[in-house]
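Beneath this line is the structure, given in structure tokens, with notes to follow.
Along the sequence shown, residues are numbered consecutively beginning with 1.
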Amino acid sequence: MTTAADARSTDRRSRQNRYLWMMGIRLACLPLAVVTEGWIRWVFIVGAVVLPYIAVVIANAAAQPSSGTIQSISPSGRPELPGTTHSDDPRDQNPSA
């Protein structure tokens, strides 16, 4: 598991979905405010007026990065190349040549 944040495209898609749901509710409030009477009409009117502001504020609120812990990894010793014990090159066998 990683502590990295979700991709920006995933965050944006999530915010767009929330905005569209809230605008859908607002769209339903508009005709309901016309066809209803009494106190429920005022609830639908307030919903139709206030929901756009709330939807925009929520849609513009990007996800906060999750707070995670960083674990340090201690390096093991430096890797070394194995040494050679025998050479097939004749020049290496006679250093004076």
(request) Using the rule that two of Ile, Leu, Val, Met, Phe, Trp, Tyr join whenever any of their side-chain heavy atoms come within less than 4.5 Å, decide whether Phe44 and Val35 are in one cluster. (result) yes
(request) Report the residues that fulfil side chain to side chain contact (heavy atoms under 4.5 Å, CB included) with Val43, sequence neighbours left out, ordered by chain and then residue number. (result) Trp39
(request) To the nearest 0.5 Å, tell me how far Tyr53 OH sits from Ile58 CD1. (result) 10.5 Å
(message) Under the rule for side chain to side chain contact (heavy atoms under 4.5 Å, CB included), what residues qualify as partners of Val46, not counting sequence neighbours?
(response) Val50
(request) Applying side chain to side chain contact (heavy atoms under 4.5 Å, CB included), name anything that partners Pro52, two or more places apart in sequence or on another chain. (result) Met23, Arg26
(request) Establish whether Ile54 and Tyr19 are linked, either directly or via other cluster members, by ILVMFWY side-chain heavy-atom contacts under 4.5 Å. (result) no
(request) Not counting sequence neighbours, which residues clear side chain to side chain contact (heavy atoms under 4.5 Å, CB included) with Leu20? List them please. (result) none
(request) Please go through Trp21's hydrophobic cluster and name the other residues, only I, L, V, M, F, W, Y counting, with side-chain heavy atoms under 4.5 Å joining them. (result) none
(request) Could you state whether Leu32 and Ile40 fall into the same hydrophobic cluster, counting links through intermediate Ile, Leu, Val, Met, Phe, Trp or Tyr residues with side-chain heavy atoms under 4.5 angstrom apart? (result) yes
(request) Give, for atom OG1 of Thr10 and atom CZ of Arg15, the distance between the pair rounded to the nearest 0.5 Å. (result) 11.5 Å
